[in-house]
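Worksheet for the structure shown next.
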Amino acid sequence: MTSLLIRGGSVVRAAGDERVDLLVEDGVIRDVHVRTAAPPKLLSADNTIDAAGQFIFPGFVDCHVHFREPGMEQKGTMESEAQSACAGGITTVCDMPNTRPPTVTVSALREKVRGAEKIDVCDIRFFFGVTKPEHLTELKNLQKDPSEEAGMLRARCCGVKLFFDHSTGDQKAATKTIRETFQVCAELKIPVVAHCEDAGINAKAAKAIAAGDASAHSLRRPPEAEKKAIASAIELSSTFGTQLHIAHLSTAQGLLLIRQAKEQSLPITCEVTPHHLFLSTEDYPALGTFGKMNPPLRSPEHLEALWGGLEDGVIDCIASDHAPHTSEEKRSGNPLDAPSGVPGVETLIPLLLTVAAGKWPHPVAQSLSKKFRYADIGRLCFKNPNRIFALGKRGIEVGAPADLVLVHPEEMWTLKGEELHAKCKWTPYEGWNVTGKATVVGRW
Ligand code: DOR
Ligand code: ZN
């Protein structure tokens with residue numbers, strides 16, 4: 001038996017922080033002794049961490065990543081990107097289906113699950129993709145298969161991903177298929193995650209703006225495209241009763257629609273990415289194609305609206321949409337043809353910790369005044385994604401696996417792509433100073 005004692009750290013709970021001594025034995029939390037006025041209980045263990053002045057969180061969840069394996073290993077592998085997640089305090093991720101082959105069949109899901117079994121620093125779950133009606137047949141077969149193996153695959157599958165327009169991997173589904181997917185997923189009680197950009201509006205805008213530098217990308221995929229696709233997705237969720245999660249919300253208009261849908265108690269949730277919270281179209285001169293992603297960067301008013309949505313609770317999760325590409329791929333050719341996507345799984349928590357510490361990490365853009373606390377990070381990056389995707393994480397309680405993160409709230413450091421663990425070795429936040437470091441403990 002191996003044991004670990006974490007002494008005097010504060011568990012961050014919505015109701016207030018709790019100073020505890022936490023005993024872990026063989027990877028399981030055995031005791032959570034709350035320190036009150038009484039002297040600390042005498043616990044002992046093989047190893048002790050003095051966590052005074054540190055916060056203890058459950059391992060964070062990033063419910064939107066692209067780990068690129070199989071088929072795009074030059075951009076990242078499950079191993080490299082899982083190391084990156086872990087180095088950033090994230091121990092559970094939900095991986096998207098736009099790999100090669102895409103995760104649109106049971107056998108492709110099986111291959112990914114097999115690959116993930118070899119990774120021990122991160123629990124990788126998978127979204128099933130649907131681009132054609134036959135993929136729904138595959139999904140139905142998986143749901144009704146009574147075998148033990150199918151049960152194991154279902155346990156690793158966190159929902160269905162639908163693209164309303166093309167992005168990396170060309171997974172846009174036809175309108176009819178989108179409708180059918182909402183219907184089938186309602187029957188199967190599976191959440192649908194929607195990439196909401198209307199293909200027609202984007203196509204028209206791209207035709208009108210045929211050339212330009214990277215900043216033209218935001219004009220070629222305008223806010224109205226997101227608004228229209230979110231409206232359609234909400235309508236479909238309302239028609240069939242489908243659990244709907246809007247991925248990477250990026251506009252004020254989209255936020256308003258989600259707020260209204262929630263007021264009507266529709267089963268709708270949403271996430272926002274760090275790049276839409278910290279970067280805007282004003283960053284194009286510095287970033288060029290390294291600031292190109294889908295949905296694209298928006299003007300600062302949208303960024304401000306998204307922080308408002310976090311503050312009033314309409315936004316449920318913050319997820320990285322970690323989508324690495326090599327710097328060569330980003331640099332070569334016409335900027336408008338450069339692949340869309342930025343890495344972010346390792347920088348997500350440090351950026352949020354910086355805001356919780358009362359600082360604004362962007363070196364140039366003006367700070368917004370925000371009420372954002374450490375407990376909000378626990379809610380947005382653990383509690384809510386765990387609930388929405390039924391990930392089954394137990395958090396910090398006796399008997400639960402010791403999936404823990406220690407946060408040093410005052411540690412100041414600088415983000416440098418070369419020092420991060422993602423295979424691509426670059427970050428859109430190069431040189432940014434952050435305050436707060438998250439270290440995974442207890443997983444062994
Ligand atoms: O920017 C993006 N990159 N958006 C997506 O929808 C896909 C992603 C990727 O896989 O590169
Ligand atoms: Zn994505």
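Note that ligands are numbered from 1 as they come in the structure, with each ligand's atoms numbered from 1 the same way.
Rounding to the nearest 0.5 Å gives a distance of 5.5 Å between CD1 of I377 and CZ of F57.
Every atom of ligand 1 with a heavy atom of H325 under 4.0 Å away is listed here by number and element: 11 (O). In the vicinity of A323, heavy-atom distances shorter than 4.0 Å reach the ligand 1 atoms 3 (N), 8 (C), 9 (C), 11 (O). Residue contact check: H195 has heavy atoms under 4.0 Å from atoms 6 (O) of ligand 1. Of all the atoms in ligand 1, the ones that sit under 4.0 Å from a non-hydrogen atom of R68 are 9 (C), 10 (O), 11 (O). Within ligand 1, counting atoms from 1 as listed, the ones closer than 4.0 Å to a heavy atom of M293 are 1 (O). Listed by number with element, the atoms of ligand 1 under 4.0 Å from a non-hydrogen atom of F163 are 6 (O). For ligand 1 and N98, the ligand atoms under 4.0 Å from any heavy atom of the residue are 7 (C), 9 (C), 10 (O).
Looking at H322, its side chain never comes within 3.5 Å of a backbone N or O of H66 through a donor-acceptor pair. Using a distance-only test at 3.5 Å, with no hydrogens or angles considered, a donor-acceptor pair links the side chain of E329 to the main chain of T326.
Listed by first and then second residue, the side-chain hydrogen bond (donor to acceptor under 3.5 Å, both in side chains) pairs involving residues 281-295 are S167-N294, H217-N294, S218-Y284, R221-N294, D283-H362, N294-S340 (not counting sequence neighbours).
The atom of D321 nearest to the Zn ion (ligand 2) is OD1, with the search restricted to N, O or S atoms. Closest approach between the Zn ion (ligand 2) and any N/O/S atom of H66 involves NE2.
For atom 3 (N) of ligand 1, the nearest protein heavy atom (residue, atom name, distance) is S340 O, 3.0 Å. The protein atom (non-hydrogen) at minimum distance from atom 1 (O) of ligand 1 is N294 N, 2.8 Å. Atom 7 (C) of ligand 1 has S167 OG, 3.3 Å as its closest protein atom, hydrogens excluded (heavy atom only).
For the pair F164 and S232, the tightest heavy-atom approach, listed with the atom from each and the gap, is CE2-CB, 4.2 Å.
Under the 4.0 Å criterion applied to side-chain N and carboxylate O atoms, R110 and E149 are assigned as salt-bridge partners. With respect to R125 and D123, a salt bridge is recorded, a charged nitrogen being found less than 4.0 Å from a carboxylate O.
Under the 6.0 Å distance and 45° angle rule, K437 counts as a cation-pi partner of W413.
Side-chain contact of K75 with H325: a donor-acceptor pair under 3.5 Å is present, judged by distance alone.
K292 does not count as a contact of ligand 1, since none of its heavy atoms falls under 4.0 Å from the ligand.
Residue contact annotation: H64 places an N/O/S atom under 2.8 Å from the Zn ion (ligand 2).
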